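In what follows, a single structure is set out as structure tokens and then discussed.
Source: prediction; values computed, not measured.
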Amino acid sequence: MLVAVAACVHVGMLFLHVAPSNTLTKQHGDAVDFWIYPEFEQNWKLFAPNPLQQNIAVQARAELRTAEGGVRTTDWYDLSAQDGADIDGNLLPSHTQQNQLRRAWDFYVGSHDARNRPVGLRGQLSERYIRRIAYMRLDRERPGGKGDEIVRVQLRSRTTNVQPPEWSEEKVPTKPVHRLLPWWSVTPDDLPLASGSGARPNAGPSTEGTAAR
């Protein structure tokens, strides 16, 4: 019974999210947004007149505090490539493998300007979401030794345009576009619910553009 009720509520929230502005969405828009963002956001890019025509690779690295008290920066981990490998040859890939990272990155870029400054109230939410994904993915890789802790994470992307077919007269740039995000400190909210063994709580996100060590 509870599952059926939850399913009906979820479908109703999705309907209100994608429906044109109406009396319900005007009165309860905040509740709808709270339910939808960030995990269930919908978009129409697949059916747009000019659908998404870019390949975006998202990578992440971690800054570790070692058991001896030192600091070490890991190599870059290609998170997009990991998702691609999980999907390749998989007849039933999960929604997480296909969309979690891709949509989280799109959510972040859409709510920040070119200098990584948040635009609107959704900016901070998108930062927390992509930071949490990066931390949990890096923690899963166990980048450090015993006793090492992830204290900060950093992401970057490489965007390349999909070239049009030979018969098309459309011209698109061929040079990749790179984007480097600032270092973010891991906060208690970023830790998995089951345990926090991979990082220690910090005061909050750091926006310093710290260079790799």
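- Remark: the backbone N or O of Leu138 is not paired with any side-chain donor or acceptor of Glu141 at under 3.5 angstrom.
- Using a 4.5 Å cut-off on side-chain heavy atoms (C-beta onward), Tyr108 and Leu155 make no contact.
- Closest non-hydrogen pair, Ser126 versus Gly123, comes out as OG-O, 2.7 Å.
- Within the 4.5 Å cutoff, the side chain of Val186 has no heavy atoms near those of the Val151 side chain.
- Cation-pi check for Arg152 over Trp184 is not met; the charged atom does not lie both under 6.0 angstrom from the ring centroid and within 45 degrees of its normal.
- Closest non-hydrogen pair, Gln98 versus Ile87, comes out as CA-CD1, 3.7 Å.
- One distance of note links CD1 of Ile130 with OH of Tyr135; it measures 16.0 Å at 0.5 Å rounding.
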Please report the C-alpha distance between Asp190 and Thr187 in whole Å, then the side-chain angles of each, then the deciding distance to 0.1 Å, and finally whether the side chain to side chain donor-acceptor pair (under 3.5 Å) criterion is met. CA-CA 5 Å; Asp190 300 317; Thr187 71; 3.0 Å; yes

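- In the model, Arg137 has a side-chain atom that pairs as donor or acceptor with a side-chain atom of Gln82 under 3.5 Å.
- Interatomic distance, Leu79 CG to Arg61 CZ, rounded to the nearest 0.5 Å: 13.0 Å.
- Separating the CD atom in Gln59 from the CG atom in Asp78 is a distance of 4.5 Å, to the nearest 0.5 Å.
- With His112 as the partner, the side-chain hydrogen bond (donor to acceptor under 3.5 Å, both in side chains) test is satisfied by one option alone out of Arg117, Arg179, Glu127: Glu127.
- In this structure, Asp148 contributes its side chain and Gly145 its backbone to a donor-acceptor pair below 3.5 Å.
- Annotation for Ser80 and Val58: closest pair OG-N, 2.8 Å, computed over non-hydrogen atoms.
- For CG of Asp113, the number of neighbouring non-hydrogen atoms (other residues, nucleotides, ligands) closer than 6.0 Å is greater than 12.
- Summarising the geometry, atom CG belonging to Leu125 is positioned 5.5 Å from atom CZ belonging to Arg128; distances are rounded to the nearest 0.5 Å.
- Counting only distance, with no hydrogens or angles, the side chain of Asn161 and the backbone of Thr174 share no donor-acceptor pair below 3.5 Å.
- Checked by atom type and distance alone, the side chain of Gln154 pairs as donor or acceptor with a backbone atom of Leu181 at under 3.5 Å.
- Nearest heavy-atom pair, Val162 versus Asn55, reported as atom, atom and distance to 0.1 Å: CG2-ND2, 3.8 Å.
- The NZ atom of Lys175 sits 13.5 Å away from the OG1 atom of Thr159 when rounded to the nearest 0.5 Å.
- In this structure, Arg102 and Ile56 have side chains that are not in contact, with every pair of non-hydrogen atoms separated by 4.5 Å or more.
- Inter-residue side-chain proximity for Gln97 and Asn90 is flagged as met; some heavy-atom pair is nearer than 4.5 Å.
- Around atom CD of Gln124, no more than 12 heavy atoms belonging to other residues, nucleotides or ligands sit under 6.0 Å away.
- Between the side chain of Thr74 and the main chain of Pro143, no donor-acceptor pair closer than 3.5 Å is present.
- Under the 4.5 Å side-chain criterion, counting only non-hydrogen atoms from C-beta, Thr160 is in contact with Arg158.
- Between atom OG of residue Ser111 and atom CG of residue Asp106 there is a gap of 9.5 Å, rounded to the nearest 0.5 Å.
- Side-chain atoms of Thr96 never come within 3.5 Å of backbone atoms of Gln100 as a donor-acceptor pair (strictly under, hydrogens ignored).
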